[in-house]
2 protein chains.
Amino acid sequence: MPGRPKQAHSGKVTLADVATVAGVDRSVVSRVINDDPRLSVRQETRQRVLDTIERLGYRPNAAARSLRTARAYMFGLFIPDFANPVYAEIIKGAEQAANQLGYGLMTASSGGVRLGLQHYLDLLGQSRVDGLLFAGEESGHELERLRSASVPWLLVNRRIEGSRRYVVLDDERGSGLAVEHLAALGHRRIAHLAGPETADTARRRRAGYTAAMAAAGLRTGTRYTAHADYTPEGGAAAMRELLAVRPRPTAVFVANVASAVGALRTLHEAGLSVPGDMSVIAMHDMSLAGHLVPALTTVRMPLEGLGRRSLELLATTHPQDDITEVVAEPVEVVVRASTGPPTP
Amino acid sequence: MPGRPKQAHSGKVTLADVATVAGVDRSVVSRVINDDPRLSVRQETRQRVLDTIERLGYRPNAAARSLRTARAYMFGLFIPDFANPVYAEIIKGAEQAANQLGYGLMTASSGGVRLGLQHYLDLLGQSRVDGLLFAGEESGHELERLRSASVPWLLVNRRIEGSRRYVVLDDERGSGLAVEHLAALGHRRIAHLAGPETADTARRRRAGYTAAMAAAGLRTGTRYTAHADYTPEGGAAAMRELLAVRPRPTAVFVANVASAVGALRTLHEAGLSVPGDMSVIAMHDMSLAGHLVPALTTVRMPLEGLGRRSLELLATTHPQDDITEVVAEPVEVVVRASTGPPTP
DNA sequence: CTGAAAGCGCTTACAG
DNA sequence: CTGAAAGCGCTTACAG
């Protein structure tokens, strides 16, 4: 491109520049920056180095550092869908933790050009990331390929058979709170609109429901549980199943908000009032819940904490270590308009 | 950490390994990989190099390449909120384009630990990114700081005064389609529930509304436009204003879906039926629109194309070039249940 | 046409 | 206690 004005030398300041100006060796500058405990230097000299860095606006070059240390100072987070607010919160937590630890975070969805996992294997091969967080829907079979490569990776919000590296939420507890909320309102016939039987989160939510029902001395019976697929359409169909059961339940705990959207539609179409004829509570709080008609009561789970904790563990553990953690942060019911006492 | 089993050498294959096995010089391998046109080598040799790369599973080390070429092969995308589906689509498009061009994409929100822009300046200082896409809400004042650094950056979906580097959607055209849809249904009194007067997107949508109304020979009058702030609460209040106007409008074009959520609530509370008493159409299609009651008619804009095109332009233009592009991809009305003919 | 060699900007084991 | 030097894995101008 002839005639284009040549870009002025950006004057990138290097470590060598800092050393020259401060009158010390480059190694001293490096050690000051990295807080090397083996460096003993007069406080005065250290301060001079720090001042020089500040004055020249020096920033270590990430590529040089990575090449030398064989670390990318970058993690990857793999999610199925950016548009799902559940993942938005996980991303936020992971991003914060990464920044705090001096790492970058690359977030990618399955929608990428190269098929999801292959893309990540490429990143690993190029040493562009130091580890991977999987919040997506990769099959155990796919992830098997990662196991051979001795790469740090962690499952987020999900367990798969044979893996000892995951961080999950306390879905049992969240589900228990939902049931307790309904029971406290006076409901006795509480149904569960569950997720896919194959999904780990769905299984744990169902287990929490069953346990809480038992603890409250309430009967469950298999007909009071209908499985759906975490989508509005599936939720609508499952709600129709539950409405057909006699005696009809007076309340339902729905495994996720998307299913609850469909469930509310079914109830609306059936001419039933919420919560008059049926109370509805769903797992995971998100702003959409507040805008449904009626506004949906939910269980707020520490999704941001999940992202944060997952990244911290990825950064600070060895790839071979077992990690089987349940995020400890509190879980709570967010009461809106969709739950109330049963009509006598 | 004593006693920890030493990790087996991962056997990272380097360019030198490939050269040795293939029996050529490292520079030949490098040139084959990078398709250097100045390399003349027998087809047979080239194939041998390629085969060796394949067989050894060689992947170029990104850090070494970056250090040498002074390019990070990474772009940054800055968004205000991961949970907003509008940005989810932009991210998707940008991610695809980045992958296709051999770049990575770091997406970050203002929620990071370091205050948004400073975080990016750090990334730039460290040469971790080659350029920045701003889809966020940074003020012109903040962005002024970037102008001094001669860094490639681009505004996405927004213009600010004095900047000649942006990519936007055809909001005028989208708004025009909305008005045309309503006019075709027979509406004459069409109101506009606009966005913030200061927002560039809101101004362009309003301009599109005004122009289309004029083209259809319909009167607008300032009372038929109410400004809100792109939130459900603001939308609810603005809808109340519009309901007070006489003669009452029979249809409203809402500047975004969040405002429409509030507008629908106001209409519901006022006992008005949609679309019987009031047709509602909103800008930007998203799955939430299909789940509102009634399901919301929208204008689908090429958000993914916006992300894709922005990244392509960022990657292929010089920082000094003017970029003032409107994404050319088609815009269309997605008809759902919230629009219909006016009741006579 | 091909290959040897320099060098990008760091870190760190090691010599003094 | 301090600093010189090697080297991480590439790319590319240049010599042969």
Side-chain angles (χ1 to χ4, degrees), chain A residues 9-46 48-49 52-53 56-74 102 122-128 130, chain B residues 9-46 48-49 52-53 56-74 102 122-128 130:
Chain A
H9 184 262
S10 73
K12 272 287 186 215
V13 179
T14 71
L15 184 139
D17 297 328
V18 175
T20 305
V21 173
V24 298
D25 189 79
R26 293 181 304 154
S27 55
V28 173
V29 179
S30 174
R31 286 176 171 125
V32 165
I33 289 172
N34 297 306
D35 271 324
D36 185 336
R38 276 168 300 188
L39 170 70
S40 54
V41 72
R42 275 175 303 172
Q43 175 55 31
E44 185 187 313
T45 309
R46 179 186 298 272
R48 183 152 37 87
V49 171
T52 307
I53 288 172
L56 301 184
Y58 168 69
R59 300 279 150 189
N61 178 290
R65 197 152 166 252
S66 289
L67 178 57
R68 181 57 227 234
T69 61
R71 303 210 298 175
Y73 299 96
M74 176 87 69
D122 284 352
L123 290 177
L124 282 167
Q126 299 166 186
S127 301
R128 289 193 84 143
D130 296 319
Chain B
H9 182 263
S10 72
K12 272 286 186 214
V13 180
T14 70
L15 184 139
D17 297 329
V18 174
T20 305
V21 173
V24 298
D25 189 78
R26 292 182 303 155
S27 55
V28 173
V29 179
S30 174
R31 286 175 170 126
V32 166
I33 290 172
N34 297 307
D35 270 325
D36 185 337
R38 276 169 301 188
L39 171 69
S40 55
V41 71
R42 276 174 304 173
Q43 175 55 31
E44 183 187 315
T45 309
R46 179 186 298 273
R48 183 151 38 88
V49 170
T52 307
I53 287 172
L56 301 184
Y58 168 69
R59 299 279 148 188
N61 179 290
R65 198 155 164 250
S66 289
L67 178 56
R68 183 54 228 237
T69 61
R71 304 211 294 175
Y73 300 96
M74 176 88 67
D122 284 352
L123 290 177
L124 282 167
Q126 298 166 185
S127 301
R128 287 192 84 144
D130 297 319

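Values below: every heavy atom of this structure, side chains too, minus hydrogens, waters and symmetry copies. By convention in this document, chain letters (A, B, ...) are assigned in the order of the sequence lines, proteins followed by strands, and residues within each chain are numbered from 1.
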Self-check item: Set of salt bridge (charged side-chain N to carboxylate O under 4.0 Å, His left out) partners for B:R42, sequence neighbours left out
Solution: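 Not a single residue meets the salt bridge (charged side-chain N to carboxylate O under 4.0 Å, His left out) criterion with B:R42.
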
Quiz item: Would you say the side-chain atoms of B:R59 pair up with the backbone N or O of A:Q126, donor to acceptor, closer than 3.5 Å?
Solution: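 Not a single qualifying donor-acceptor pair exists.
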
Quiz item: Counting only N and O atoms by type, is there a donor-acceptor contact under 3.5 Å from the side chain of A:T52 to the main-chain atoms of A:V21?
Solution: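 Absent.
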
Exercise. Identify the two heavy atoms, one from B:A72 and one from B:D130, that lie closest to each other, and give their separation to 0.1 Å.
Key: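 Closest heavy-atom pair between B:A72 and B:D130: N-OD1, 2.7 Å.
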
Quiz prompt | Minimum side-chain heavy-atom gap A:T20-A:D17 below 4.5 Å | solution =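 Contact flag for A:T20/A:D17 side chains = no.
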
Quiz item: Which letters describe nucleotides 11-16 of chain C, given B = protein heavy atom under 4.0 Å from base, S = only from sugar-phosphate, - = neither?
Solution: BBBB--

Quiz item: Listed by chain and number, what are the side-chain contact (heavy atoms from CB on, under 4.5 Å) partners of A:V32, not counting sequence neighbours?
Solution: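 Partners of A:V32 under the side-chain contact (heavy atoms from CB on, under 4.5 Å) test: A:V28, A:L39, A:R46, A:V49, A:L50.
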
Exercise. Check side-chain contact (heavy atoms from CB on, under 4.5 Å) between B:S30 and all other residues, then give those that pass, not counting sequence neighbours.
Key: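 Residues passing side-chain contact (heavy atoms from CB on, under 4.5 Å) with B:S30: B:L15, B:N34.
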
What is the distance, to the nearest angstrom, from the [atom1] atom on [X] to the [atom2] atom on [N]?
X	N	atom1	atom2	result
A:L39	D:dG3	CG	P	10 Å
B:R71	C:dG9	CZ	C1'	18 Å
A:Y73	C:dC10	OH	P	13 Å
A:N61	C:dC10	CG	P	5 Å
A:R42	D:dG3	CZ	P	10 Å

Quiz prompt | Residues forming a ring pair (Phe, Tyr, Trp, His ring centres under 6.0 Å) with B:Y73, sequence neighbours excluded | solution =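 By the ring pair (Phe, Tyr, Trp, His ring centres under 6.0 Å) rule, B:Y73 matches B:Y103.
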
Exercise. Describe the nucleic acid contact of A:V24 in one word from base, sugar-phosphate, nothing, applying a heavy-atom distance below 4.0 Å.
Key: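 The residue A:V24 makes no contact with any strand.
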
Quiz item: If pairs are Watson-Crick or G-U with both distances under 3.5 Å, what is the dot-bracket string of DNA chain C, marking crossing pairs with [ ] and pairs to another strand with |?
Solution: |||.||||||||.|||

